[in-house]
Amino acid sequence: MKTSVAQARTLLPGAPTALYPDGAPSVTVLANGSMQLKLFMPALNPDGLDRQQPHTQDELYMVHAGKGEIVVADQRHAAAPGEAFFVTAGQTHRFENFTPDFAIWVVFYGPQGGEKA
């Protein structure tokens with residue numbers, strides 16, 4: 001299996017959902033077992049907001065392009081290319097103050113409810 005940011009961007013926005021009626025700002029590009037790899041570009045939302053809700057699997061975010069901030073629970077971190085962030089299943093999180101080109105690889109993996117430490 002192989003993909004690229006360029007290939008994934010051609011698939012965005014994704015299909016509309018209840019949370020994203022204008023089209024999802026993320027798209028699954030690789031999947032195997034419990035793992036999904038997505039490209040997420042929150043600036044594609046017409047209102048410019050990241051509306052994601054806590055997820056049922058653990059997540060690994062890797063910033064590909066642009067800059068922004070990630071808020072996990074009550075902690076805020078700068079997010080720039082080359083940086084990675086881990087978010088446990090069920091944890092509140094969102095991206096804010098991002099540039100229009102902000103692009104993040106997202107890996108969902110593991111069991112529903114997350115892996116036990």
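Remember, it's a predicted structure, so these values are computed and weren't measured experimentally. Throughout, numbering of the chain's residues begins at 1 and tracks the sequence.
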Q.
Does anything in residues 14-34 form a ring-ring contact (aromatic ring centres under 6.0 Å, His included)? List the pairs, not counting sequence neighbours.
A. none
Q: For residues 27-59, pull every pair meeting ring-ring contact (aromatic ring centres under 6.0 Å, His included), keeping only residues two or more places apart or in separate chains.
A: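 For residues 27-59, and leaving out neighbouring residues, the ring-ring contact (aromatic ring centres under 6.0 Å, His included) pairs sorted by first residue read H55-H93, H55-F108.
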For the [atom1] atom of [X] and the [atom2] atom of [Y], what is their distance to the nearest 0.5 Å?
X	Y	atom1	atom2	value
N97	I70	CG	CD1	13.0 Å
R9	L39	CZ	CG	7.5 Å
F95	H77	CZ	NE2	11.0 Å
E96	D50	CD	CG	8.5 Å
E69	F98	CD	CZ	10.5 Å

Return the minimal non-hydrogen interatomic distance between [X] and [Y], and the atom names on each side.
X	Y	value
V63	A80	CB-O, 3.2 Å
P21	R51	CD-NH1, 4.0 Å
A8	V27	O-CG1, 3.8 Å
N45	G23	OD1-O, 4.5 Å
G110	Q57	O-NE2, 2.7 Å
P100	A43	O-CB, 3.6 Å

Q. Would a hydrophobic clustering, with Ile, Leu, Val, Met, Phe, Trp and Tyr connected at side-chain separations under 4.5 Å, put L44 with V5?
A. yes
**Q.** Of L30, L37, D58, the residue whose pairing with V107 passes side chain to side chain contact (heavy atoms under 4.5 Å, CB included)
**A.**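 With V107 as partner, side chain to side chain contact (heavy atoms under 4.5 Å, CB included) holds for just one option, L37.
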